[in-house]
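The chain is numbered in sequence order, starting from 1. All figures in this text were calculated on a predicted structure; none of them were measured in a lab.
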Amino acid sequence: MYFNSDLQAENTYDAIVVGSGISGGWAAKELTEKGLKVLVLERGRMVKHGEYPTAALAPWQLPNGNRVTREEAKDYEKQSRTGYTISQATKHWFVKDTEHPYSETKRFDWIRGYHVGGRSLMWGRHSYRHSDIDFTANAKDGHGTDWPIRYKDIAPWYDYVESFAGISGMKEGLEQLPDGKFLPAIELNCVEKKVRESLMVKYKGARVLSSGRVANLTQEHNGRSKCQFRNLCSRGCPYGAYFSSQSSTLPAAEKTGRLTIRPNSIVNSVIYNPETKKATGVRVIDAESKESMEFQAKVIFLCASTINSTWILMNSATEIYPDGLGSSSGELGHNLMDHHFRVGASGEMPGFEDMYYFGRKPGGIYLPRFRNVGQDKQKDFLRGYGYQGGASRTGWQRSVKELSFGEDLKETLGMPGQWTMGLGGFGECLPYHENKMTLNKDLLDKWGQPTVTFDCEFKENEMNMRKDMGSSAAEMLEAAGAKNIRVNMPNDNAPGLGIHEMGTARMGTSPKNSVLNAHNQVWDCLNIYVTDGACMTSASCVNPSLTYMALTARAADHAVNELKKMNM
């Protein structure tokens, strides 16, 4: 059920979910299916499944060769720092920085989209479980605080969300990358198979190149079509062939008849009752009319994304909690993390000129962490990294630089080029208290609200890891027979571009060291749950979205049981 402003005079629900992306969609599904009347508040516009304006457009139908104009680019100064997010095909999914400003004491690239579905429409879809190596890392090496859960606590919930979402992948039996409930994997191509075999021999099974575990369907699943191998996922998939809120969780929630979605609803703050020590609802600004209103509920799930969920808590300051609701530990807004990446290597792979592939794979390969695992002990850095990438043949664009013309040019354009193989690392960032976000009350947005200032950087541990990420990638490609190997080591290595921001309202073992308890409840206000990236106690080196899904489903189950016990 979608919101009609002429209806719903009584703004009271069993549960309020703030945000409709990966975490918010799961919260809506779980809470409605368990019998609760749920309001989902989304600060951006409505987008229904299939309303993806560029999904079916051919390259020649996109203006300016898919490039934004200089005038358009002025609106996306920070969103375009990735080098790939802002194009004619995708710009409508990302905010305009001119309309949603923020400040940087140290550079932080905050990449986001405000609309129903959030970044579930344009995420990379790589879906991996954290292992006990990840859940025990802080306790073992003394960085950050200990997680209040272990792998065994969340493993059944990984099973649960994978079974619904549909994750394709290969089982490898690795301690550092637990296997899951997989659909058939997307097959490795001939060069990727060769590299996998070479690494198995060279490193005696210690380094395993696998197919990427991605939320792209390789067979029909839960009423959704299988992937068409178009690799246009960032535009939105009309087939529902990858997991998104629009294709999966929101339709399931809507089917219950207990869902209301209200778009263009900016949650300003949580309403807190100091006598009961519980939240009673939220204050909302209508993004279009700027009208203020309130909604009430017994339980609130903050799933607005890492920065925005923490912003809401910080903007919910009271006399008891002057630094924000959930700030009693002094950790609210701190321990901001992102994976560092854009380091790796690529090379040419000779000997496969008579082989090709069909379609465009949406997931590529994954090479799991091998540093500081088992007998591998590094002196220069803690934790580790994994690689994504893949092999392909260069296309007709390679001939743009050639001097041929006429018949020779036509023949060249019709022939596939050299096989290349690339490995790009994603490395873990340690949780540092001094990496933080704060509210900037001097720079207000157009709704009169404080904006965010970031003070965050990668430190010596990450810099040392980056050197190893590049050299190890080159070493492995050489072992696999690659030629003309090039190491990629850019200098612009500020946090944010991984688009895996985490921390700022972390889980922990005590109200003294964390914002959230083992069930994702705010210690200072137990009927508020935070289940997006803000809750993360450490970052691991794997894509985090699957963990958000599992934690959200687990927290929703806990919330409903607490409601039944009258503890809310």
Side-chain angles (χ1 to χ4, degrees), residues 10-19 23-41 147-161 164 249 252-253 256-260 270-282 294-303 309 312-313 316 318 320-321 325-326 328-329 505-532 534-535 537 547-568:
E10 184 180 353
N11 296 337
T12 301
Y13 297 83
D14 296 320
I16 291 173
V17 176
V18 183
S23 301
W26 268 101
K29 171 187 177 296
E30 293 303 299
L31 294 171
T32 55
E33 289 183 342
K34 294 179 188 299
L36 273 60
K37 178 184 171 186
V38 175
L39 171 66
V40 172
L41 296 169
W147 279 87
I149 60 173
R150 293 294 186 258
Y151 179 72
K152 63 180 176 59
D153 299 310
I154 194 173
W157 296 102
Y158 278 134
D159 287 350
Y160 180 72
V161 299
F164 179 80
T249 48
T256 68
R258 290 184 282 271
L259 173 69
T260 298
V270 173
I271 303 168
Y272 177 73
N273 185 331
E275 294 181 2
T276 62
K277 298 182 180 180
K278 299 288 174 58
T280 60
V282 296
E294 295 182 358
F295 295 91
Q296 287 75 43
K298 301 170 186 174
V299 63
I300 297 168
F301 270 67
L302 295 183
C303 303
S309 288
I312 291 169
L313 289 173
S316 303
T318 67
I320 302 173
Y321 303 113
L325 190 55
S328 62
S329 66
R506 71 185 182 189
M507 299 170 71
T509 56
S510 163
K512 295 181 179 179
N513 61 32
S514 56
V515 179
L516 309 175
N517 67 16
H519 296 288
N520 293 82
Q521 296 169 282
V522 176
W523 286 108
D524 299 335
C525 184
L526 292 176
N527 66 331
I528 300 176
Y529 291 76
V530 183
T531 65
D532 56 23
C535 77
T537 310
T547 299
Y548 304 165
M549 297 185 208
L551 287 172
T552 301
R554 178 175 178 267
D557 184 70
H558 182 268
V560 172
N561 287 332
E562 289 295 286
L563 285 169
K564 290 178 179 178
K565 296 174 185 176
M566 304 296 288
N567 289 337
M568 295 296 186

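Among residue pairs with one or both ends in residues 506-516, those qualifying as salt bridge (charged side-chain N to carboxylate O under 4.0 Å, His left out) are Glu331-Arg506; sequence neighbours excluded.
Screening Asn517, Val530, Asn527 for a side-chain contact (heavy atoms from CB on, under 4.5 Å) involving Val522 leaves a single residue, Val530.
Here Tyr548 and Trp26 keep their ring centres 6.0 angstrom or further from each other.
The aromatic rings of Tyr13 and Phe295 lie tilted to each other, with the angle between the two planes from 30° to 60°.
Residues Leu302 and Asp532 approach most closely at O-OD2, 3.8 Å, considering heavy atoms. When all heavy atoms are compared, the tightest approach of Gly508 to Ser514 is CA-OG, 3.2 Å.
Tyr160 and Glu30 are linked by a side-chain donor-acceptor pair at a separation below 3.5 angstrom, with hydrogens and angles left out of the test.
Contact annotation: the side chain of Gln296 approaches that of Thr12 to within less than 4.5 Å [non-hydrogen atoms, C-beta and beyond]. Residues His558 and Gln521 meet the side-chain proximity criterion, which asks for heavy atoms closer than 4.5 Å.
Remark: Thr249 pairs with no residue by the side chain to side chain donor-acceptor pair (under 3.5 Å) rule, at least two apart or across chains. Partners of Lys34 according to the salt bridge (Lys or Arg N to Asp or Glu O under 4.0 Å) rule, which considers only residues two or more places apart in sequence or in another chain, are Asp557.
Under 4.0 Å is where a charged nitrogen must lie from a carboxylate oxygen, and between Lys37 and Asp14 no such pair does.
To the nearest 0.5 angstrom, Leu516 atom CG is 6.5 Å from Cys535 atom SG. Rounding to the nearest 0.5 Å gives a distance of 12.0 Å between CG of Leu259 and CG of Leu36.
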